[in-house]
S.K.: 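Handing you a structure now.
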Protein chains: 2
Amino acid sequence: MANIQQVAKQAGVSVATVSRVLNGQNTVASKTRIKVEDAIKKLSYEPSMLGRNLRNSESRILLVLIPTISNPFYLEIIKGIENVAISQNYNILLCETDSNPERENIYFDLVRTKMVDGIISMDPAVNVETLIKLAEKHSIIQCSEYAIDSGIPYVTIDNEEASYLAVKHLIKIGHEKIALINSDEKYLYARQRRIGYQRALEEQGILVNNDYIIHTQHLGFENGKQAMKKILNLEDRPTAVFAVSDLLAIGALKEISTNGLHVPNDIAVVGFDKIDFSNMTNPTLTTIAQPMYKMGTIAAKMLISQIKGEEVESIILDHELVIRGSTLG
Amino acid sequence: MANIQQVAKQAGVSVATVSRVLNGQNTVASKTRIKVEDAIKKLSYEPSMLGRNLRNSESRILLVLIPTISNPFYLEIIKGIENVAISQNYNILLCETDSNPERENIYFDLVRTKMVDGIISMDPAVNVETLIKLAEKHSIIQCSEYAIDSGIPYVTIDNEEASYLAVKHLIKIGHEKIALINSDEKYLYARQRRIGYQRALEEQGILVNNDYIIHTQHLGFENGKQAMKKILNLEDRPTAVFAVSDLLAIGALKEISTNGLHVPNDIAVVGFDKIDFSNMTNPTLTTIAQPMYKMGTIAAKMLISQIKGEEVESIILDHELVIRGSTLG
DNA sequence: ATGAAAGCGCTAACAT
DNA sequence: ATGTTAGCGCTTTCAT
């Protein structure tokens, strides 16, 4: 493994000149440049990022924190982040926290120890106090889930409005007994989506029935099945269900058909996220589309700006209702 | 941001002693150790990995190359890799190649420039010659897809046997007209799986009908739908389909029911991988289970051993047939 | 246009 | 048990 010294020697120039060639500076005479390039080729030299990074005091790595890689919701976001990162010569370290504070702390150390230059946090369960403290000295962006007034810039959607839109759609097609499969309301987005749900009902003079609101610990398929089981056992069975995640909704779909009922004739279902799989079910799933890819690109751009020392502002992106088989009689 | 010098000064010792404390060496008197620890706390010092990595000539990052993050098959493998990596104080850089050689080369540079310590390649479309050349100087493991006699250690399953098992199951439950949805046979696993398919048929004296073999460019849901469309248009329509990926099979499932046919009564379907979603469809999917998590842990352990300079041997893991709704009348 | 030299933060060999 | 010091590979300031 050649280093910059050997290249300099081979080319008969100083290391400074080699470095200049490496970094594309135009202060090098083209004759010299060619000598250096020849030497580089001859020694098949590759500059070490370890040296460069130490010197520049950067790692050119961005840390992306997600609760679990199993929810496809995050995949599109990650793609967006990755594409921006690559184009700006950054790489991304993808880390699953499993919403485990201990594990999270290990990952936070990555920025403290300069192993990464900044963090995009997508974990709703993140310890906000720790995050705020970390943000004093390091570059941090929140994506999707965020903390109000934390001073940490975020990119997200209007959860309350989106939820309102979903429920209003169900009401419009004739439903009044609408259940909500929500996640734990310790999360901001869960509280916001519940409020949207309630607002849609109340606006139409429909009484909110607390028995119709089921909380789940995670956003997975199994949680959706379990929640739907409870709903099907209700005395006054709902005719529609709004689940705050597609995976939950798909679990609900499955449980409904397992019980010999039909979607949407017996029970209509609406999900949230528009993951790829929401189009693969039978029937296909009506859902709220989030601009996940865009969210990712914006989060990455924000983080990189912040790393450069620029001011960045939070952004709220648009959502959209996608009507498909699960609400189309 | 304090550095090791300032800590040494604060504690009234040399930088060497601070370094010893940092690295848990037992040659430090406990009195001195306490002084150092106090100084570290007081200055809220965090050692810089940039300095350490340069000095140790390592990055403690493993590169994981996957063709696409959209196929959940990779997710479980990644989890396995990640858990082993973390336990050994490594981190993983996850990179999508999109089976694009250009992009791949950018990622290969990561190991050439010491940005990562080694590579786990899972891309079937990887340029084998480049990979072999790279493996001369760097640590590389192949996972799932591999190159025979390349000298690069790999962990995989017996694709031919697995495919044979799947088709034999279909024959056993009474099918003779069995279609194969395969991917491009430029990939080794595709060739192996086709051989297994043929062997199962021929062993039972069933003639291989080339019209029954459909090739797709990718392993996605849409590809499965398109392939199934072709199969449904066949004059002598098959009564069963074996798809070499669950996503393909799920696409097939969808296309079959779109056409008003029933699975498994009209057409039975078998997939491959046992991704989570294969249990969420209606009917659930019969499939070949690959030990994905285990594959990931083994690949990671192999790579880390190789980085340490140890010899490692390739491993072939067990597969299993999981019989579910799509082949259960 | 080019070179000499300092220094980023750390570890380890060697000296005491 | 602890300190001194060289050096990992690079970039950049300052001098020429």
Side-chain angles (χ1 to χ4, degrees), chain A residues 1-40 43-61 89 109-117 137, chain B residues 1-40 43-61 89 109-117 137:
Chain A
M1 287 284 170
N3 62 20
I4 199 171
Q5 307 260 16
Q6 294 167 286
V7 174
K9 200 171 176 183
Q10 171 76 34
V13 299
S14 75
V15 293
T17 301
V18 178
S19 176
R20 288 184 187 110
V21 171
L22 250 29
N23 294 287
Q25 283 171 353
N26 47 10
T27 61
V28 183
S30 58
K31 215 173 163 182
T32 318
R33 156 167 281 114
I34 290 171
K35 276 198 297 182
V36 172
E37 281 163 353
D38 287 348
I40 288 177
L43 301 177
S44 46
Y45 165 73
E46 299 274 356
S48 160
M49 290 307 145
L50 299 175
R52 177 176 292 176
N53 289 348
L54 172 58
R55 171 65 217 220
N56 294 344
S57 196
E58 64 175 7
S59 64
R60 297 210 79 83
I61 295 177
N89 204 21
D109 274 337
L110 259 30
V111 71
R112 297 192 186 106
T113 60
K114 306 215 166 204
M115 189 85 185
V116 303
D117 292 344
K137 298 197 165 195
Chain B
M1 285 284 171
N3 63 20
I4 200 171
Q5 307 260 19
Q6 295 167 287
V7 174
K9 198 171 177 184
Q10 170 76 33
V13 301
S14 74
V15 291
T17 300
V18 177
S19 176
R20 289 182 187 110
V21 171
L22 249 29
N23 294 287
Q25 283 171 356
N26 48 12
T27 61
V28 182
S30 58
K31 214 173 163 181
T32 318
R33 155 167 282 115
I34 290 171
K35 274 197 297 181
V36 172
E37 282 163 353
D38 286 349
I40 289 176
L43 301 177
S44 46
Y45 164 73
E46 299 273 354
S48 160
M49 290 306 145
L50 298 175
R52 177 177 292 175
N53 289 347
L54 172 59
R55 170 65 217 217
N56 293 345
S57 194
E58 63 174 9
S59 64
R60 296 210 79 84
I61 294 177
N89 204 22
D109 275 337
L110 260 28
V111 71
R112 298 192 186 105
T113 59
K114 305 218 167 205
M115 189 85 184
V116 304
D117 293 344
K137 297 195 165 195

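Below, chains carry the letters A, B, ... as their sequence lines are ordered, and counting in each starts from 1.
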S.K.: Once you build an axis from the first five pairs and another from the last five of the helix from C:dA1-D:dT16 to C:dT16-D:dA1, how far apart in angle are they, to 10 degrees?
M.R.: 40°
S.K.: Identify whether the distance between the nearest side-chain nitrogen and carboxylate oxygen of B:Asp109 and B:Arg112 falls below 4.0 Å.
M.R.: yes
S.K.: Do side-chain atoms of A:Asn56 reach the backbone of A:Glu58 as a donor and acceptor pair under 3.5 angstrom?
M.R.: no
S.K.: Please tell me if the side chains of A:Val21 and A:Thr32 come closer than 4.5 Å, counting only heavy atoms from C-beta onward.
M.R.: no
S.K.: Where do N or O atoms of nucleotides 9-12 of chain C meet protein N or O atoms at under 3.5 Å, pair by pair?
M.R.:
unit_1: C:dG9; atom_1: N2; unit_2: B:Gly51; atom_2: O; d: 3.2
unit_1: C:dC10; atom_1: OP1; unit_2: B:Tyr45; atom_2: OH; d: 2.4
unit_1: C:dC10; atom_1: OP1; unit_2: B:Ser48; atom_2: N; d: 2.7
unit_1: C:dC10; atom_1: OP2; unit_2: B:Ile4; atom_2: N; d: 2.5
unit_1: C:dC10; atom_1: OP2; unit_2: B:Tyr45; atom_2: OH; d: 3.3
unit_1: C:dT11; atom_1: OP1; unit_2: B:Asn23; atom_2: OD1; d: 3.4
unit_1: C:dT11; atom_1: OP1; unit_2: B:Asn23; atom_2: ND2; d: 3.1
unit_1: C:dT11; atom_1: OP1; unit_2: B:Arg52; atom_2: NE; d: 2.8
unit_1: C:dT11; atom_1: OP1; unit_2: B:Arg52; atom_2: NH2; d: 3.1
unit_1: C:dT11; atom_1: OP2; unit_2: B:Ser19; atom_2: OG; d: 2.8
unit_1: C:dT11; atom_1: O2; unit_2: B:Arg55; atom_2: NH1; d: 2.3
unit_1: C:dA12; atom_1: O4'; unit_2: B:Arg55; atom_2: NH2; d: 3.2

S.K.: Could you check whether any side-chain N or O of A:Arg60 sits under 3.5 Å from a backbone N or O of A:Asn89, counting only pairs where one atom can act as donor and the other as acceptor?
M.R.: yes
S.K.: Check the distance between D:dG9's C1' and B:Met115's CE and give it to me in whole angstrom.
M.R.: 15 Å
S.K.: Would you check if there is a donor-acceptor pair between the side chains of B:Lys114 and B:Ser59 at a distance under 3.5 Å?
M.R.: no
S.K.: For A:Lys35 and C:dG3, what is the distance between atoms NZ and C1' respectively, to the nearest whole Å?
M.R.: 12 Å
S.K.: In whole Å, what is the span from the CD1 atom of B:Ile34 to the P atom of D:dA1?
M.R.: 15 Å
S.K.: Could you state the interatomic distance from OG (B:Ser57) to CE (A:Met1), rounded to the nearest 0.5 Å?
M.R.: 9.0 Å
S.K.: If I take atom CD in residue A:Gln6 and atom P in nucleotide D:dG7, what distance separates them, rounded to the nearest angstrom?
M.R.: 15 Å
S.K.: Can you confirm whether A:Asn53 sits close enough to B:Met115 that some side-chain heavy atom of one is under 4.5 Å from a side-chain heavy atom of the other?
M.R.: yes
S.K.: If we ignore hydrogens and angles and just use 3.5 Å, is the side chain of B:Asn3 paired with the main-chain N or O of B:Gln5 as donor and acceptor?
M.R.: yes
